[in-house]
Amino acid sequence: MSSFSLWSAAAVALTIGLASTAYLWSYRRHRTEVSTGIAGLSKMRWREFARLIVEALRERGFEAESVEESLARGTQAELRLLRAGKPWLLACKLGDADYKVSAATVAELADAVRFNGAAGGLLVTTGRFDSHSERVADGLDLYSGETLWELVEPQLPASTRHEVIAAAQKRSIQTIVAAWAGAIALALIVGFVVPLLSSRAPAEPVPAATHTAAAPATPNDAAPTRAPVNPTAPAPPPAPTSPAAVEPVAPAANTGETVPAATTAPTTATPASAASGNPSADRAYVIRTIATLDGVERALWSTPSNLLIYRLTEASKQDVDRICQVLDGYPELRSSRVQLQPPPGSTTRVRFFQCRAY
């Protein structure tokens with residue numbers, strides 16, 4: 001092994017090892033600490049997690065309002081908070097790292113904030129949000145990952161924080177050791193294998209000049225042989241007429257007239273699809289759009305296939321048509337069942353209908 005190869009291998013190992021160490025210890029270690037802490041929070045009970053969030057929000061000017069009563073209603077209930085005398089709604093969603101809060105859930109909290117006349121809303125989760133959640137958040141504060149850890153870390157006991165930091169440092173050191181092992185392996189390849197393969201590479205062969213004795217040309221070699229032309233051969237038939245130029249006709253039934261064999265049936269215009277490819281996001285867009293229609297108080301999905309609409313006025317045929325126009329833009333939702341709740345004080349029964357059949 002030459003001195004040049006040795007220095008090259010050492011340079012590769014040091015460059016990769018130092019760069020990996022700087023990245024893993026300065027940047028990745030903090031992310032490991034956050035993921036370790038969030039994993040610990042996900043193992044808490046929902047009530048303990050909700051109380052921890054409420055206590056952490058006190059540092060940001062929020063005051064709890066009947067927390068125990070709200071906790072008793074279950075994990076789907078919104079907690080009521082006060083900030084500067086104005087009501088806020090808080091929703092806590094507990095789950096592991098694979099848990100995902102859908103855009104429909106975010107939209108439902110945004111609708112609840114408007115329906116209750118709250119000043120704002122907060123949605124906190126130990127999982128992660130759907131890629132469409134921020135588009136339908138409509139002013140909500142979303143907490144997950146690093147933002148959640150920054151919120152609750154000051155409220156955790158010192159012993160818990162030290163355990164999280166120690167676990168993150170241990171994982172970072174293990175990753176750094178693996179990175180240095182990879183850097184040394186790559187340096188050995190550069191220092192030993194590459195020069196060895198270069199020295200064994202065969203020289204490019206020089207093509208040998210070939211001399212061929214020129215044979216005397218014969219009359220047959222002077223020009224290619226051509227087939228004799230038969231003057232009596234029939235001329236080729238004319239090319240068939242393009243199908244686009246001539247349209248076949250077929251006799252009409254029970255008449256002597258002829259009509260075109262292929263007729264184009266009238267087609268019904270299908271509304272343009274507004275679907276995004278994400279069913280949760282599509283449901284969120286649908287309830288937000290329908291909530292803006294005249295006479296609608298609010299809308300929500302009671303089940304994935306049942307759209308519940310609360311009316312302020314009696315629904316007319318035009319109102320039903322407008323609802324169907326919204327659903328027609330989403331192929332997977334066109335056949336959903338629609339449930340119209342009559343306005344308060346009305347004697348009209350609940351109405352069910354479908355815009356399109358399955």
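Bear in mind the structure is a predicted one, so any value in this text is a computation, not a measurement.
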Practice task
Return yes if some donor-acceptor pair links the side-chain N/O of Asp96 with the main-chain N/O of Asp98 below 3.5 Å, else return no.
Solution key: yes
Handout entry: Spatial distance of atom OG1 (Thr147) from atom CH2 (Trp149) [nearest 0.5 Å]
Key = 12.5 Å
Exercise for the section: Could you tell me the separation between the CG atom of Leu308 and the CG atom of Leu340, rounded to the nearest 0.5 Å? Expected result: 9.0 Å
Problem - Student check: side-chain heavy atoms of Leu52 and Met44 closer than 4.5 Å - result: yes
Handout entry: Worked check of side-chain hydrogen bond (donor to acceptor under 3.5 Å, both in side chains) between Thr348 and Glu314
Key = CA-CA 8 Å; Thr348 306; Glu314 297 292 346; 3.1 Å; yes
Practice task
Go through the steps for Leu123 and Tyr143 under the test side-chain contact (heavy atoms from CB on, under 4.5 Å), then give the verdict.
Solution key: CA-CA 6 Å; Leu123 185 54; Tyr143 290 88; over 6 Å; no
Handout entry: Reported CD-to-CD distance for the pair Gln325 and Gln318, which is rounded to 0.5 angstrom
Key = 10.0 Å
Problem - Which atom of Ala107 lies closest to which atom of Arg288, heavy atoms considered - result: CB-CD, 4.4 Å
Completion exercise
d(Thr303 OG1, Gln339 CD) to nearest 0.5 Å is 9.0 Å
Problem - Nearest atoms (heavy-atom pairs only) where Ala299 meets Ile309 - result: CB-CG1, 4.3 Å
Practice task
Would you kindly confirm whether Leu333 and Val320 end up in one hydrophobic cluster when ILVMFWY residues are joined by side chain heavy atoms under 4.5 Å apart?
Solution key: yes
Problem - Hydrophobic cluster identity match, Tyr310 and Leu312, side-chain contacts under 4.5 Å - result: no
Exercise for the section: Measure from the side-chain N and O atoms of Arg83 to the backbone N and O of Gly61, and report whether any donor-acceptor pair falls under 3.5 Å. Expected result: no
Practice task
May I ask you to decide if Thr313's main-chain N or O and Arg311's side chain share a donor-acceptor pair within less than 3.5 Å?
Solution key: yes
Exercise for the section: Starting at OH of Tyr285, measure out to OG of Ser280 and round the result to the nearest 0.5 Å. Expected result: 11.0 Å
Problem - Derivation of the side-chain contact (heavy atoms from CB on, under 4.5 Å) call for Arg114 and Asp138 - result: CA-CA 10 Å; Arg114 289 191 297 270; Asp138 195 15; 2.7 Å; yes
Handout entry: Pairs satisfying ring-ring contact (aromatic ring centres under 6.0 Å, His included), at least one member in residues 82-137, at least two apart
Key = Phe62-Trp88
Handout entry: Donor-acceptor contact present, side-chain Thr126 to main-chain Gly95, <3.5 Å
Key = yes
Exercise for the section: Evaluate side-chain hydrogen bond (donor to acceptor under 3.5 Å, both in side chains) for Trp180 paired with Thr21, printing each intermediate quantity in order. Expected result: CA-CA 8 Å; Trp180 273 100; Thr21 301; 2.9 Å; yes
Practice task
Please check if Leu82 and Ile53 belong to a single hydrophobic cluster, counting links between Ile, Leu, Val, Met, Phe, Trp and Tyr side chain heavy atoms closer than 4.5 Å.
Solution key: no
Problem - Check: Thr15 side chain, Ala11 main-chain N or O, donor-acceptor pair, under 3.5 Å - result: yes
Problem - Flag side-chain contact, heavy atom, 4.5 Å: Gln354 against Ser335 - result: yes
Exercise for the section: Run the numbers on Tyr330 and Ser336 for side-chain contact (heavy atoms from CB on, under 4.5 Å), then give the verdict. Expected result: CA-CA 10 Å; Tyr330 302 88; Ser336 301; over 6 Å; no
Handout entry: Nearest heavy atoms of Val106 and Leu140, plus distance in Å
Key = O-CD1, 3.5 Å
Handout entry: Asn306 side chain vs Ser302 backbone, donor-acceptor pair below 3.5 Å
Key = no
Fill in the blank from the handout: Rounding to 0.5 Å, atoms CG (Leu79) and CZ (Arg51) come to a distance of 10.5 Å
Problem - Non-hydrogen side-chain atoms of Leu122 and Leu142 separated by less than 4.5 Å - result: no
Exercise for the section: For the residue pair Glu33 and Val164, establish whether any side-chain heavy-atom pair is separated by less than 4.5 Å. Expected result: yes
Problem - Asp319 (side chain) donor-acceptor with Ser316 (main chain) under 3.5 angstrom - result: yes
Practice task
Identify the two heavy atoms, one from Leu300 and one from Arg298, that lie closest to each other, and give their separation to 0.1 Å.
Solution key: CD2-NH1, 3.8 Å
Exercise for the section: Flag yes if more than 12 heavy atoms outside Glu297 fall under 6.0 Å of its CD atom; otherwise flag no. Expected result: yes
Handout entry: Step-by-step side-chain contact (heavy atoms from CB on, under 4.5 Å) determination, Val124 to Asp141
Key = CA-CA 8 Å; Val124 182; Asp141 293 340; over 6 Å; no
Exercise for the section: Look at Asp294 together with Arg322 and state whether they make a salt bridge at an N to O cut-off of under 4.0 Å. Expected result: no
Practice task
Evaluate whether atom CZ of Arg60 has more than 12 neighbouring non-hydrogen atoms of other residues, nucleotides or ligands under 6.0 angstrom away.
Solution key: yes
Practice task
Inspect the surroundings of CD in Gln174 and state if more than 12 heavy atoms from other residues, nucleotides or ligands are less than 6.0 Å away.
Solution key: yes
Practice task
Give a yes or no on whether the backbone of Asp130 and the side-chain of Ser133 come within a donor-acceptor separation of less than 3.5 Å.
Solution key: yes
Exercise for the section: Measure from the side-chain N and O atoms of Arg283 to the backbone N and O of Pro304, and report whether any donor-acceptor pair falls under 3.5 Å. Expected result: yes
Exercise for the section: Answer yes or no: is there a side-chain heavy-atom contact under 4.5 Å between Pro87 and Arg80? Expected result: yes
Practice task
Evaluate the side-chain proximity of Phe353 to Cys324: yes if any heavy-atom separation is below 4.5 Å, no if none is.
Solution key: yes
Problem - Residue pair Lys100 / Thr125, side-chain heavy-atom distance below 4.5 Å - result: no
Problem - Test log, rule side-chain hydrogen bond (donor to acceptor under 3.5 Å, both in side chains), inputs Thr105 and Ser102 - result: CA-CA 5 Å; Thr105 302; Ser102 65; 3.1 Å; yes
Completion exercise
Of all heavy-atom pairs linking Ala179 and Ser20, the shortest is CB-CB, 3.7 Å
Exercise for the section: Mind listing the closest non-hydrogen atom pair of Ala183 and Gly17 along with its distance? Expected result: CB-N, 3.9 Å
Exercise for the section: Decide yes or no for Ile16 and Leu186: does some side-chain heavy atom of the first lie under 4.5 Å from some side-chain heavy atom of the second? Expected result: yes
